[in-house]
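Below is one structure, written out as structure tokens; the observations come after it.
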2 protein chains.
Amino acid sequence: MDTKSAVTLLSSIAQEARLDIFRLLVQAGASGLSAGVIGERLSIPNSTLSFHLKELSYAGLIHSRQESRFVYYSANYAAMNRLLDYLTQNCCAGEQACCSDITCETT
Amino acid sequence: MDTKSAVTLLSSIAQEARLDIFRLLVQAGASGLSAGVIGERLSIPNSTLSFHLKELSYAGLIHSRQESRFVYYSANYAAMNRLLDYLTQNCCAGEQACCSDITCETT
DNA sequence: ACAACATTTCTATATTTATGGAAATATAGT
DNA sequence: ACTATATTTCCATAAATATAGAAATGTTGT
């Protein structure tokens, strides 16, 4: 990953509404949530929501799929993991380990 | 951690110059680097650098300490780890583990 | 006090980003 | 085709952020 891509990913979640959306989707799992449900849960007007979903999609942090009348959005876990790895790469100048051991909490 | 704090942290590294600075410091280890060295390594004019260092400090992602004529900046690993944890909290809706195992690479 | 260097503040300007109403575009059921 | 529902695009406006030159401030050694 290069700096520019990482900045694109980070910018996409460096905003309150989008971070809320992303975390909601991270917690929702692979099946995701429809745009309408997201908007309702977070009280975001539809045009504003659409703008933010586009930002997250463009960055590649979320996927979307059409299913009947609804568009379902879901977290791109692989992209998230790549980003987290990038931030901690080659850390600590050879000193003792300092970085997180992040493990998925499955409950 | 709440959303606002996380956004502050993310915003502080969602910018090319600042992400470069942060990663440089992550890799530099606990001793850190002086403002001058950072500016030289990344070719950032001093007033611009100062602006970005302030942003990172304000967010709490880096520390600074004065040592003789120099100001040394260093990564706040604890803050970084808290942020990474926050992003992956309660992920995947009880499905199989999906999140990174990030371990410090010490070489 | 002075000189040399390091870093920050001041300032103006340029650029990017966020917001949400209204209208347009899909999709599905009857 | 018509109606109801879901989502996106268009648009104007408001707000936040980035840049870097010049001046000011801090620090150390002589």
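By convention in this document, chain letters (A, B, ...) are assigned in the order of the sequence lines, proteins followed by strands, and residues within each chain are numbered from 1.
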Can you pull every protein N or O that's under 3.5 Å from an N or O on nucleotides 4-10 of chain D?
residue : atom : partner : partner atom : Å
D/dT5   : O4'  : A/Arg69 : NH1          : 3.3
D/dT7   : OP1  : A/Ala35 : N            : 3.4
D/dT7   : OP1  : A/Val71 : N            : 3.2
D/dT7   : OP2  : A/Gly36 : N            : 2.6
D/dT8   : OP1  : A/Tyr73 : OH           : 2.4
D/dT8   : OP2  : A/Ser50 : OG           : 3.4
D/dT8   : O5'  : A/Ser50 : OG           : 3.4

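For residues 22-31 of chain B, no residue pair satisfies the salt bridge (Lys or Arg N to Asp or Glu O under 4.0 Å) rule, not counting sequence neighbours.
Note that the CG atom of B/Leu10 and the OG atom of A/Ser12 stand 9.0 Å from one another [nearest 0.5 Å]. How far CG of A/Asn76 is from CG of A/Leu83: 11.0 Å, rounded to the nearest 0.5 Å.
Contact detail for B/Ser64 and B/Val71: the closest heavy-atom pair is CB-CG1, 4.0 Å. Residue B/Ala79 comes nearest to B/Leu9 through the heavy atom pair O-CD1, 4.5 Å, listed as atom of the first residue, atom of the second, then distance.
The distance from atom CD of B/Glu40 to atom P of C/dC5 is 14 Å, rounded to the nearest whole Å. Whole-Å rounding puts the A/Leu56 CG to C/dT17 C1' distance at 14 Å. The separation between B/Arg65 atom CZ and C/dA6 atom P is 17 Å, rounded to whole Å. If you measure from atom CG of B/Leu33 to atom P of C/dA6, you get 15 Å, rounded to the nearest angstrom. The CD1-C1' distance, from B/Ile44 to C/dA6, rounds to 16 Å in whole Å.
Judged as a side-chain contact (heavy atoms from CB on, under 4.5 Å), and not counting sequence neighbours, the contacts of B/Val7 are A/Glu16, A/Leu19, B/Thr3, B/Ser11. Taking the side-chain hydrogen bond (donor to acceptor under 3.5 Å, both in side chains) definition, one finds that B/Arg69 meets it with nothing, sequence neighbours left out.
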List the atom pairs, with distances to 0.1 Å, where a side-chain N or O of residues 49-63 of chain B and a protein N or O form a donor-acceptor pair under 3.5 Å, not counting sequence neighbours.
residue : atom : partner : partner atom : Å
B/His52 : ND1  : B/Arg18 : NH1          : 3.0
B/Ser57 : OG   : B/Leu53 : O            : 2.9

Counting only pairs under 3.5 Å, give me each side-chain donor-acceptor contact of residues 26-41 of chain B, with atom names and distances, residues two or more places apart or in other chains.
residue : atom : partner : partner atom : Å
B/Gln27 : NE2  : A/Gln89 : O            : 3.3
B/Ser34 : OG   : B/Val37 : N            : 3.2

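Less than 4.0 Å separates DNA chain C from at least one heavy atom of each of the following residues of residues 4-25 of chain A: A/Gln15, A/Arg18.
Defining each end axis of the helix from C/dA1-D/dT30 to C/dT30-D/dA1 as the rotation carrying four pairs' C1' atoms onto the next four, with five pairs an end, the two axes are found to diverge by 30° to 10 degrees.
A/Glu67 is listed as a side-chain neighbour of A/Arg65, based on a closest heavy-atom distance under 4.5 Å.
Mapped onto DNA chain C by nearest heavy atom, A/Gln66 and A/Glu55 fall at different nucleotides, with A/Glu55 at the one closer to the 5' end.
Hydrophobic cluster membership of B/Tyr72, counting Ile, Leu, Val, Met, Phe, Trp and Tyr whose side-chain heavy atoms lie under 4.5 Å apart directly or via other members: B/Phe70.
In this model, the phosphate group of C/dT19 is approached by a side-chain N or O of A/His52 to a distance below 4.0 Å at OP1 or OP2.
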